[in-house]
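Down below is the structure, laid out as structure tokens.
Just the heavy atoms: all of them, side chains too, but no hydrogens, waters or symmetry mates, feed the values below. Here is how names work: the chains are called A, B, and so on, in the same order as the sequence lines, proteins then strands, and each is numbered from 1.
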Amino acid sequence: MTKAFAKVSALPLRMLFWHELLAQWETAWREAPLPELPKVSLTPPEQKGILTLNIFPLFKAYKGNPQKAAEAVLYPLRHISHAEVIKGFVNISFTADFWADFLRKAQTASQGYTHLSLAVGEQLMVEYPSPNTNKPLHLGHLRNLCLGESVCRLWERLGAEVIRANLVNDRGIHISKSMIGWKRFFAPATPHSAGVKGDHFVGQCYVAFEKAYKAEVDELTARGLPEEEALVQAPLFQEAQALLRAWEAGDPNTLALWREMNGWVYEGFDQTFRRMSIRFDKIYYESETYLLGKAVVEEGLSRGIFHRAEDGAVWADLTDVGLGRKVLLRRDGTSVYITQDLGTADLKFRDYPNLKRSVYVIGNEQDHHMRLLAALLRRLGREFADKIYHLSYGMVELPTGRMKTREGTVVDADDLLDEMHARAYELTDADLSESDRHEIAEAVGQGALRFYLLRTDPKKNILFDPAESIDLKGFTGPFLQYGYVRAKRLLEKALEQGLDPTEVRVPETIIPVEEALLQQLYALPHYLESAAKGFDPALLAHYGYELTRRFNEFYQTSPVIGATEPARSFRLGLVKVYQIAIATVLQTLAIPLPERM
RNA sequence: GGCCCCGUAGCUCAAUCGGAUAGAGCACGGGAUUUCUAAUCCCGCGGUUGCAGGUUCGAGUCCUGCCGGGGUCACCA
């Protein structure tokens with residue numbers, strides 16, 4: 001093996017970024033040719049090496065001789081300074097030349113490092129967070145917003161064009177309830193006159209309705225009416241239904257109030273979106289798409305795909321694909337939730353015919369619903385049906401269980417953002433100006449919250465303990481932000497002394513803390529790709545943490561500016577590339593970069 | 001009841017296509033600051049990966065059956 005290695009090490013060296021290097025190796029292995037290609041992974045920290053080639057699968061072909069298998073695998077490879085075989089693993093290290101070159105190139109070339117071209121020319125739509133307009137945003141929406149935005153940014157890193165779309169559920173019985181709540185208990189007040197943020201104001205109307213409605217239901221059940229009956233017969237519910245019919249009939253007064261109240265809500269939402277640096281390229285309103293859905297159902301009906309029951313309701317039979325039967329139009333001809341989704345799905349692809357993917361960021365409580373949607377579109381023969389991807393995420397739970405409006409346990413988004421800000425403010429340097437302190441507090445508070453919501457596998461539920469709330473130490477957003485700030489300040493100091501991080505000299509030796517950091521830095525493109533393709537920002541969050549842990553270890557133990565050449569310039573380059581990498585991670589997770597902390 | 005998701009240290013979470021001695025944070029105990037920001041670093045403590053089988057060179061990971069938790073199966077959204 002050493003012999004084979006000596007041969008290849010004589011080849012000229014050229015530093016390649018992750019994807020280029022692996023592609024080159026794969027080509028070499030295919031030409032070799034090997035009975036099977038080895039898997040490449042990062043060498044675990046306790047082992048010496050950067051990359052590990054797994055050659056277990058080759059044992060059969062090489063009669064269980066690891067040395068022979070390793071030789072065959074290593075033969076065509078370049079850039080390697082050291083290799084050792086342990087069991088079925090070949091751990092390899094890179095030369096100091098390679099690393100110096102890497103540190104230079106990573107500073108000047110973003111393409112292939114912080115920006116990849118794996119999805120260039122692809123267009124993809126991400127729909128999030130699609131709120132109802134009867135209540136303010138809550139913690140669940142925050143998880144949705146963080147996930148959605150991060151997934152968008154991940155795909156943009158891969159070179160894709162991303163369309164951020166929001167679907168506003170602006171019609172339906174819930175809006176009618178808010179309107180009645182306002183008429184009964186708040187009119188003629190407005191958010192302005194009440195001094196309340198618009199979405200919160202409308203939320204209060206809704207809650208007021210629900211409270212009065214519940215009182216009516218209680219009274220009816222006390223008089224011996226079954227609850228099902230009481231829920232329908234309560235005067236307030238009747239009124240809400242009448243209002244919904246008036247809305248569908250286009251009653252001018254109803255529409256005017258509806259528009260005004262939705263306007264209040266949008267203004268409130270926009271404030272929160274702005275605070276979170278979220279903007280949309282396209283906003284769909286259900287009030288504008290639900291009729292399209294009805295047309296789709298009619299189409300399916302005329303093509304014999306759906307059928308009308310005797311009572312007039314329209315059904316789809318999906319029992320053959322294990323999804324049972326599903327109503328698409330009520331017996332009175334009005335549309336249900338899935339009806340409008342059919343119309344919206346069509347519209348998205350009419351607006352953007354070249355979408356490679358249409359992503360829906362929606363909680364896992366709607367897994368079944370999304371399966372129905374895809375199955376219905378497939379049945380309708382929509383060729384885009386398979387381009388739909390449901391990014392299903394788990395719910396945010398409290399120690400007491402689910403958040404419940406009725407029990408007042410809903411964690412409000414705006415309140416939480418304020419609380420995080422206040423918490424972070426306490427840790428800011430009192431010598432700074434008030435405006436600086438608030439700017440840092442906002443960045444760090446949001447950083448903590450966003451990291452917290454992103455660090456867990458999307459499909460898993462999150463347990464949110466309001467008492468303990470969000471940490472600012474340990475495995476947190478501020479930990480990564482702090483690493484970024486440290487690097488930034490160090491580089492500023494170096495610049496004051498006229499040091500140039502791009503002038504990276506080849507060090508005599510690379511010490512373990514440097515190599516551990518280099519390994520992580522090198523793997524950035526790998527994590528960007530995995531996180532994007534898996535629609536899983538948590539992968540990147542963990543990467544960013546591990547990266548920063550290693551940076552801190554390096555920072556704590558190894559002087560940079562005070563070091564002697566050539567170590568100084570090499571370390572300075574290392575710090576610079578770390579700064580580039582951690583900034584890439586934070587930006588992709590949509591976590592703010594504070595200037596100082 | 002059918003279907004889907006989850007179950008890893010006291011708590012919150014990792015573990016890449018099935019790979020090395022299952023790793024972090026919090027909490028707890030101890031230590032580091034004349035040096036580029038200590039929101040940091042180092043050391044210690046902590047495990048029958050829910051249970052029982054199966055597949056194979058190798059299983060937290062795949063298969064089967066149980067147990068526990070959550071979701072869903074609306075002419076609600």
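- Using a 4.0 Å cut-off between a side-chain N of Lys or Arg and a carboxylate O of Asp or Glu, A:E84 and A:K48 do not qualify as a salt bridge.
- Scored by the side-chain hydrogen bond (donor to acceptor under 3.5 Å, both in side chains) test, A:K459 finds no partners at all (sequence neighbours excluded).
- Residue-level contact check: A:S530 touches neither bases nor backbone, having no heavy atom under 4.0 Å from any strand.
- Every residue two or more places apart in sequence or in another chain was checked for a ring pair (Phe, Tyr, Trp, His ring centres under 6.0 Å) with A:Y360, and none qualifies.
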* Structure fact -> Here RNA chain B, pairs taken as Watson-Crick or G-U under 3.5 Å and shown with ( ), [ ] when crossing and | when to another strand, reads (((((((..((((.....[...)))).(((((.......))))).....(((((..]....))))))))))))....

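- By the criterion of a centre-to-centre distance under 5.5 Å and near-parallel planes under 30°, the ring of A:F89 forms no stack with the base of B:rG19.
- Closest approach to the A:P478 side chain among B:rC13, B:rA39, B:rU37 is made by B:rA39 (side chain taken as heavy atoms from C-beta onward).
- Scanning for salt bridge (Lys or Arg N to Asp or Glu O under 4.0 Å) contacts around A:E553 gives an empty result, with sequence neighbours left out.
- Listed pair A:K459 / B:rC6 meets the phosphate criterion, a side-chain N or O lying under 4.0 Å from OP1 or OP2.
- Here B:rA39 is the nucleotide among B:rA20, B:rA39, B:rC13 with the atom lying nearest to any side-chain atom of A:T428.
- Listed by chain and number, the residues in a ring pair (Phe, Tyr, Trp, His ring centres under 6.0 Å) with A:F554 amount to none (sequence neighbours excluded).
- As judged by a 4.0 angstrom heavy-atom cut-off over every strand, A:Q481 is placed among residues making no nucleic acid contact.
- Checking the phosphate oxygens (OP1, OP2) of B:rU21, a side-chain nitrogen or oxygen of A:K87 falls inside 4.0 Å.
- Candidate nucleotides B:rU37, B:rA20, B:rC4 were compared by shortest atom distance to the side chain of A:R596, and B:rU37 ranks first.
- A salt bridge is absent between A:E36 and A:K60; no separation between the charged side-chain nitrogens and carboxylate oxygens falls under 4.0 Å.
- Across all strands shown, A:T133 has no heavy atoms under 4.0 Å from either base or sugar-phosphate atoms.
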Expected rows: protein N/O vs nucleotides 40-43 of chain B N/O, under 3.5 Å:
| from | atom 1 | to | atom 2 | distance (Å) |
| --- | --- | --- | --- | --- |
| B:rU40 | O3' | A:N552 | ND2 | 3.2 |
| B:rU40 | O2' | A:R486 | NH1 | 3.1 |
| B:rU40 | O2' | A:Q556 | OE1 | 3.0 |
| B:rU40 | O2 | A:Q556 | NE2 | 3.0 |
| B:rC41 | O4' | A:Q556 | OE1 | 3.4 |

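- With A:P478 as the partner, the side-chain contact (heavy atoms from CB on, under 4.5 Å) test is satisfied by one option alone out of A:I591, A:V444, A:V485, A:L427: A:V444.
- Within 4.0 Å (heavy atoms only), A:L463 reaches sugar-phosphate atoms of the nucleic acid but no base atom.
- For A:E127, the salt bridge (Lys or Arg N to Asp or Glu O under 4.0 Å) test picks out A:K348, with sequence neighbours left out.
- Between A:I462 and A:K493, the residue anchored closer to the 5' end of RNA chain B is A:I462, taking for each the nucleotide with the nearest heavy atom.
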* Let me have a per-nucleotide readout for nucleotides 68-77 of chain B, 5' to 3', with B, S or -, counting only protein heavy atoms under 4.0 Å. => --SSSS-BSB

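- Across all strands shown, A:V485 has heavy atoms under 4.0 Å from base atoms, whether or not it also approaches the sugar-phosphate.
- Looking at A:E210 and A:K214, no side-chain N of the basic residue comes within less than 4.0 Å of a carboxylate O on the acidic one, giving no salt bridge.
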Please list, one pair per line, the donor and acceptor atoms closer than 3.5 Å that link side chains of residues 361-370 of chain A to other protein atoms, with sequence neighbours excluded.
| from | atom 1 | to | atom 2 | distance (Å) |
| --- | --- | --- | --- | --- |
| A:E365 | OE1 | A:R402 | NH2 | 3.3 |
| A:D367 | OD1 | A:S392 | OG | 2.8 |
| A:H369 | NE2 | A:D341 | OD2 | 2.6 |

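- When distances are taken from the side chain of A:R371 to each of B:rC4, B:rC13, B:rC36, the shortest belongs to B:rC4.
- For B:rA20, its base sits under 3.5 Å from the side chain of A:N91 at one donor and acceptor pair at least.
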Output a table of nitrogen or oxygen pairs between the protein and nucleotides 58-63 of chain B separated by less than 3.5 Å.
none

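- Across residues 566-580 of chain A, not one residue has a non-hydrogen atom less than 4.0 Å from an atom of RNA chain B.
- Across the C1' atoms, B:rU12 and B:rU8 are found 12 Å apart, a figure rounded to whole Å.
- Residues that satisfy the ring pair (Phe, Tyr, Trp, His ring centres under 6.0 Å) test with A:Y290, not counting sequence neighbours, are A:W247.
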* **From CA spacing to verdict: ring-ring contact (aromatic ring centres under 6.0 Å, His included), A:Y543, A:H526** => CA-CA 10 Å; A:Y543 167 76; A:H526 167 64; 8.9 Å; no

